[in-house]
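Below, read A as the first sequence line, B as the second, and so on, with proteins coming before strands; counting in each chain starts at 1. The structure presented is a predicted model; accordingly, all values stated were derived computationally and were not measured.
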Protein chains: 2
Amino acid sequence: MPHPINILEDIRRLRPDLKRSEAQVADLVLQNPRGVLEQNVTALAHSAAVSEATVVRFCRSVGCAGFPDFKLRLAECQARGGTPYVSQDVAPDDSVGTLARKIFSSSAAALTAAAAGLDEVALNDAIARLADASRILCVGIGASGALAQDAAHKLLRFGANAQPCSDPILARMLLLNLGADGLLLALSNTGRSGAVNDLAAAARAQGVPVVAITAPESPLSRLASVTIASLPVEDTEMYTPMASRLVHLTLIDVLSTGVALRLGDPAREHLAKVKATINASRTPPTG
Amino acid sequence: MPHPINILEDIRRLRPDLKRSEAQVADLVLQNPRGVLEQNVTALAHSAAVSEATVVRFCRSVGCAGFPDFKLRLAECQARGGTPYVSQDVAPDDSVGTLARKIFSSSAAALTAAAAGLDEVALNDAIARLADASRILCVGIGASGALAQDAAHKLLRFGANAQPCSDPILARMLLLNLGADGLLLALSNTGRSGAVNDLAAAARAQGVPVVAITAPESPLSRLASVTIASLPVEDTEMYTPMASRLVHLTLIDVLSTGVALRLGDPAREHLAKVKATINASRTPPTG
DNA sequence: TATTCATGAAAATTTTTTTCTTAACAGCGG
DNA sequence: CCGCTGTTAAGAAAAAAATTTTCATGAATA
């Protein structure tokens, strides 16, 4: 096992067993890991007031092959790729730039987090059902209305017969028209929207399967045939529900792309046709 | 800016501009980033069938100080929780899990990239106009229809008087009803949608300012009073327009949150009222 | 054909690693 | 109690390895 997860933890754990001067190095590293990444053996030795040899010995003591290997492992823990800012709440006196950076980075972090907690089996199941359905009704109300519209749009683009609806009454009627091989795609952030849940229940009652994108363990997820659950994002602040919507949107991307791949060439051709049609209504690039 | 977030994304982006032999190195790195971490210049040069000098030149080309710096940054991306995959195109034989990871990570990368290229001045201007407008008409057609709906929804939540419309004719009529202190929020991915541009032109003609979320240098951006431009995401593959939609959605988040902060306490109170109203139609948590 | 540019070979430099030496300390016998 | 000896820690310096620069060559382009 060449890479035991987290070198900083290892250093902390092994710290008591180190010789005096190696411990000095350890303390420096624990105190300012990022700074160490910018130093070479000589500089680090100087900072810690020890010899270069001691620095190398320290690296070996904490399980690394040498100084370069040590730096590499340290860099891996530092993981700046994910979240430059810790997802901080927006503050009333934030500048617009700060606000934007906070929202963008917390959104990106939400996506990264969501990616880690995906249920692949459920996704597979949902994609199979979506690809096989002869007709798909996408429902969502409130903030999820836009999502439903978006889902229908994407599925249509790939040749699936999808239709969005945010009107519970209208949706009820459309539901009756879905054949036995129809499908209800139900979207709800909380899974506690009465109207959407009623629709889902009605669908199941008439034998129409329900794919839900919603919170796990919610009433809607219990009604659904398949639930694509996003990890609940804690609702600490005004803008956080937005992040979970973003996750839902991305889940819809995944589902529709999955459907497209599953449908294969027909989907590709259909997309080309759709694009051509749309381009006709566009002002030319030179305009 | 010493560390521009994600070196793998940078490599992918800069790949087309690299010299032939540097591109060989890039490909090798993109293909197997982890393997590269275990190699030194000599080994990597040999693997890529180029000289050591070329490897160093490659590192410089992608914005690193040298080979060690390059390895360090690469290690940072490789960290658990970061972005394990480069935004690769989806392949027809991808498993659903792979597909999902690719889409999620490229989406997160798109957000991070977009955050870097924001025009703070334009954002400020747009937020001021949105907060001051007595009425806001949000228009968008096609895929942007859902965005328009979303924007209106969020603005309403914060007490702004917003209304979405995806019907060009209806929008035209609503536009006439906007007072002098009304505002048109125009959404278009490409900025080349004829109907939306016509609306924007009509708005300007009758003295209604236009805030556009669209591609920079597009016809729509030229019609707009303020343009919030997202960096164009190169349309290499089927699913990439989705990423730019995600960016637009996040921009809407920023705008509406900015408006909320600007409106201050009234917005907060309004949000509380809206939440209370919505909760009334929800099934209780214990259900 | 001249000129620029990309590339690799080799030299120069820097960095890391090993080896060797010195210093400190503990155990043990005088 | 003192000093000797073995053991270990730590640093200095030498050796090795890796990186970076320089320079020459060949290919491509105008």
Side-chain angles (χ1 to χ4, degrees), chain A residues 2-3 7 10-11 14-78, chain B residues 2-3 7 10-11 13-30 32-78:
Chain A
H3 284 260
I7 186 72
D10 284 3
I11 297 174
L14 297 171
R15 162 73 228 267
D17 301 336
L18 295 175
K19 333 272 187 213
R20 183 181 53 78
S21 46
E22 288 179 32
Q24 281 173 245
V25 181
D27 290 342
L28 203 69
V29 172
L30 290 174
Q31 188 190 311
N32 178 20
R34 177 142 294 275
V36 170
L37 289 181
E38 294 161 1
Q39 294 182 298
N40 58 24
V41 185
T42 315
L44 181 56
H46 190 257
S47 303
V50 300
S51 72
E52 298 168 19
T54 300
V55 172
V56 174
R57 278 192 283 258
F58 159 78
C59 297
R60 300 260 156 82
S61 300
V62 297
C64 300
F67 186 71
D69 184 43
F70 168 73
K71 279 223 303 203
L72 234 49
R73 298 227 217 154
L74 197 57
E76 288 181 359
C77 303
Q78 294 294 296
Chain B
H3 284 262
I7 187 70
D10 284 1
I11 297 173
R13 201 186 63 239
L14 297 172
R15 161 76 229 270
D17 301 335
L18 296 175
K19 333 270 186 214
R20 181 181 54 77
S21 44
E22 289 179 33
Q24 281 172 243
V25 181
D27 290 342
L28 203 69
V29 173
L30 290 174
N32 179 19
R34 178 144 293 276
V36 171
L37 288 181
E38 293 163 0
Q39 293 182 297
N40 57 26
V41 186
T42 315
L44 180 56
H46 190 258
S47 305
V50 300
S51 73
E52 298 170 16
T54 298
V55 171
V56 174
R57 276 192 284 260
F58 159 77
C59 297
R60 300 260 156 84
S61 298
V62 297
C64 298
F67 185 73
D69 184 42
F70 168 74
K71 278 217 314 201
L72 232 49
R73 299 227 218 153
L74 198 58
E76 287 179 358
C77 300
Q78 294 295 295

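- As rounded to whole Å, 12 Å separates atom C1' of D/dT7 from atom NZ of A/K19.
- Between A/D69 atom CG and C/dT16 atom C1' there is a gap of 13 Å when expressed in whole angstrom units.
- The backbone N or O of B/A43 sits less than 3.5 Å from a side-chain atom of B/S47, completing a donor-acceptor pair.
- With rounding to the nearest 0.5 angstrom, the OG atom of B/S21 is 7.0 Å from the CZ atom of B/R57.
- Residue contacts shown for A/V50 are limited to sugar-phosphate atoms, with no base heavy atom under 4.0 Å away.
- Rounded to an integer number of Å, the gap from A/H46 NE2 to D/dA12 C1' is 15 Å.
- Among the nucleotides D/dG11, C/dT17, C/dT7, the one closest to any side-chain atom of A/T54 is D/dG11.
- Atom CG in B/L72 sits roughly 13 Å away from atom P in D/dT19 (whole-Å rounding).
- As a whole-Å value, the separation of A/F58 CZ from D/dA10 C1' is 16 Å.
- Picking from C/dA9, D/dT20, D/dA18 the nucleotide with the shortest atom distance to the side chain of B/N40 gives D/dA18.
- Under a 4.0 Å N-O distance rule, the pair A/R73/A/D10 does not qualify as a salt bridge.
- Closest to the B/R57 side chain, of the nucleotides C/dT15, C/dT7, D/dA10, is C/dT7.
- Both B/E22 and B/E52 lie close to DNA chain C; mapped to their nearest nucleotides by heavy-atom distance, the more 5′-ward contact belongs to B/E22.
- Checked against D/dT19, C/dA6, C/dG8, the side chain of B/S51 finds its nearest nucleotide in C/dG8.
- Of the candidates C/dT16, D/dT19, C/dA6, the closest approach to any side-chain atom of A/T42 belongs to C/dT16.
- Comparing C/dT7, C/dT15, D/dT21 by their closest approach to the side chain of B/R60 singles out D/dT21.
- Between B/R34 and A/E76, at least one side-chain nitrogen of the basic residue sits less than 4.0 Å from a carboxylate oxygen of the acidic one, meeting the salt-bridge criterion.
- Rounded to a whole Å, the CG atom of B/L44 is 13 Å from the C1' atom of D/dA18.
- Comparing D/dT20, C/dT19, D/dA10 by their nearest atom to the side chain of A/A53 picks out C/dT19.
- Between B/F67 and B/F58, the ring centre distance reaches or exceeds 6.0 Å.
- To the nearest angstrom, P of D/dT20 lies 11 Å from NZ of B/K71.
- Computed from coordinates, the A/F67 CZ to C/dT14 C1' distance equals 14 Å when rounded to whole Å.
- B/R20 comes within contact range of the sugar-phosphate backbone alone, with a heavy-atom separation under 4.0 Å but no base atom that close.
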